[in-house]
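Have a look at the structure below, then the notes.
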Number of protein chains: 2
Amino acid sequence: MSHVQNIKAASAVCYGRHEPDTRSPLIRKLEAFVFLSRQDRTALEQLSAGARLVEPRTDLQRDGEMATDAVLVLDGFACRYKHRVTGDRQILAYLLPGDLCDVDAPHLGRMDHAVGTLSTCLVARISRETLATLMAQQPTVARALRLAKLAEEATAREWLVNLGTRSAAERMSHLFCELLTRLEAVGLAEDDGCKLPITQLDLADTLGLSSVHVNRTLQELRSRGLVELRGRSLKLRDLPSVRALAEFSPAYLRPAH
Amino acid sequence: MSHVQNIKAASAVCYGRHEPDTRSPLIRKLEAFVFLSRQDRTALEQLSAGARLVEPRTDLQRDGEMATDAVLVLDGFACRYKHRVTGDRQILAYLLPGDLCDVDAPHLGRMDHAVGTLSTCLVARISRETLATLMAQQPTVARALRLAKLAEEATAREWLVNLGTRSAAERMSHLFCELLTRLEAVGLAEDDGCKLPITQLDLADTLGLSSVHVNRTLQELRSRGLVELRGRSLKLRDLPSVRALAEFSPAYLRPAH
DNA sequence: GTGGCGAGCTAACCTATGTCGATACGAGGC
DNA sequence: GCCTCGTATCGACATAGGTTAGCTCGCCAC
């Protein structure tokens, strides 16, 4: 089965067949922040038009180039990242289905980091004109996007705490809790588990660890009965314990609540 | 000499006596981004009214509370930080003279981190009404503040790279380069040196290291002839080498340039 | 089928950094 | 001038995590 088919199957599961909720992930996400009118939703639906499948490990915005338009992820995992001249990579943020990134690209000059896919992704590019019109005509949507941005900033702060103060197992648990919570919000998680279409090397570059140590830590969490990661699917076997280990509290993902 | 007198003396040195440039640090900072009209500058000057001296290690905004107004630092070092339940502290960002923080406090609900002084600081609190009026009446200032915010976000990304991928010596060098560059922009650095009114423990909590290791690293940098930190003043003895070690490039501090 | 390749996994060894405990030093309070 | 307390500093030791080098397995191309 090809990547493309994989993705289509996954989407089918998420958006329609088993799930009565047919809202797009972007709308689901924003409706966690604000109440959207029918027009708001219609306007948002239109952003998905022209979405395209993108191969894994493909840049969506290159470091150092002008940011032209915003990127909307509809399926798959993407990330912001930076490369050091040594070749090291640090992942700065995950872009999950429903995430609309670089809303204020227009202000921006050159990108100070890159954006790229981790897995195969379904993404739509939104021109700055489209975005400007949307923000002007649907103030509620504009407000929701601002709140989403605040959540992104709060997440960056959590990551700083993660990298600066937590042990490997704690860091990893925290990341898993965060991803699970965010995916739940867009209907892509159930039963304390979700798809995690990324490699251990990606995890390493997220957590500031070596891939060997990511592996070790994963085994440790598994043997403690906390977390299982097999194939590309993640399951938190003992959510309360994982949360406690990570000192995870989801409040930062819901600003102004 | 008391703290208060120390600060007053420092301010005198910076703003007037030896320096022909009498602009406030906020105006200096923003003028690096945009051209300010006379009215813009007058409006900004008024923000400093009612500034007060605050003791070191005093919270300006507490974690978990509603953010009421914005905080403008006129002198001294403050920071954003978070405490873990273990007691560990992670410093998330430095607030230097000229920094106006939480411009969009109004959107915010509860703070997800705290803001506090590191040294004695001269700070002004700006109510959200004052801020709203300013942003509405001086669009150029509003634009400059948005750019400053972008720089803050870019800085957070750099810090993630720092904590995630760099060694102790590299991290510390990077931080020093950043602080020097930012202080230069507001006229508080000269000759590759500046005041650094913080303890090694503060540095440790910034860099995700133990204070013992901060000390060791400092010695190493000193013995290599790169950096000297004595008393509360920092000197980069060999700026090119320090920059190279840190892979520091100041571009991220000047978005849209 | 075979070969190649990326990802996961393991083991052995190494080192950067943390921890603990003691000492030294400098500034402010009395 | 002495005491105290927060810092800075130092040495000895412990350990989390890095590095290197394999080996395996599943998937895809040919």
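No hydrogens, no waters, no symmetry mates; every other heavy atom, side chains included, goes into these values. Chain letters run A, B, ... following the sequence lines, proteins first, then strands; residues in each count from 1. On a predicted model such as this, the values are computed, not experimentally measured, just so you know.
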(request) Map B:V212 and B:T199 onto DNA chain D by nearest heavy atom, then report which one ends up closer to the 5' terminus. (result) B:T199

(request) Quickly, which of A:L201, A:L196, A:L203 forms a side-chain contact (heavy atoms from CB on, under 4.5 Å) with A:T199? Name it, please. (result) A:L201

(message) I'd like to know if A:R57 and A:D202 make a salt bridge, using a cut-off of under 4.0 Å between side-chain N and carboxylate O.
(response) yes

(message) Applying a 4.0 Å non-hydrogen cut-off, can you work out what A:S167 is touching in the nucleic acid: base, sugar-phosphate, or nothing?
(response) sugar-phosphate

(message) With a sphere of 6.0 Å drawn around CZ of A:R84, does it hold more than 12 non-hydrogen atoms of other residues, nucleotides or ligands?
(response) yes

(message) Less than 4.0 angstrom between a side-chain N/O of B:R232 and OP1 or OP2 of D:dA8, yes or no?
(response) yes

(message) Output the rounded distance in Å from CG (A:L163) to C1' (D:dG17).
(response) 14 Å

(request) To the nearest Å, give me how far apart CG (B:L203) and P (C:dG18) are. (result) 13 Å

(request) Output yes when A:D99 and A:R182 qualify as a salt bridge under the 4.0 Å nitrogen-oxygen rule, no when they do not. (result) yes

(request) For A:E220 and D:dA16, give me the distance from atom CD to atom C1', rounded to whole Å. (result) 11 Å

(message) Nearest whole Å is fine: how far is D:dG17 P from A:M172 CE?
(response) 10 Å

(message) Nearest to the A:Q200 side chain among D:dA8, C:dC9, C:dT17, which nucleotide is it?
(response) C:dC9

(message) Base, sugar-phosphate or nothing for A:S210? Non-hydrogen atoms, less than 4.0 Å.
(response) base

(request) Grab the CG-P distance between A:L201 and C:dC9 for me, whole Å please. (result) 13 Å

(request) Using a 4.0 Å heavy-atom cut-off across all strands, classify B:L218 as base, sugar-phosphate, or nothing. (result) nothing

(request) Decide yes or no, distance alone: a donor-acceptor N/O pair under 3.5 angstrom between the base of D:dG18 and the side-chain of A:R216. (result) yes

(message) Whole angstroms only, please: what is the NE2-P distance between B:H213 and D:dA12?
(response) 18 Å

(request) Could you check how far CD of B:E170 sits from C1' of C:dA16, rounded to whole Å? (result) 12 Å

(message) Students often get this wrong, so: under 4.0 angstrom with heavy atoms, is B:R57 touching a base, only sugar-phosphate, or nothing?
(response) sugar-phosphate

(message) How many whole angstroms separate atom CG of B:L209 from atom P of C:dT15?
(response) 20 Å

(request) Have a look at B:S211 and say if it touches a base, only the backbone sugar-phosphate, or nothing, with a 4.0 Å heavy-atom cut-off. (result) nothing

(message) Counting the atoms with a prime plus P, OP1 and OP2 as sugar-phosphate, which does A:G231 contact under 4.0 Å by heavy atoms, base, sugar-phosphate, or nothing?
(response) nothing

(request) Could you tell me whether A:R222 atom CZ has more than 12 heavy atoms of other residues or ligands within 6.0 Å of it? (result) yes

(request) Considering just the side-chain nitrogens and oxygens of B:N215, establish if one lies under 4.0 Å of OP1 or OP2 belonging to D:dT9. (result) yes

(message) If the cut-off is 4.0 Å, is A:Q219 near the phosphate of C:dG8, judged by side-chain N/O to OP1 or OP2?
(response) no

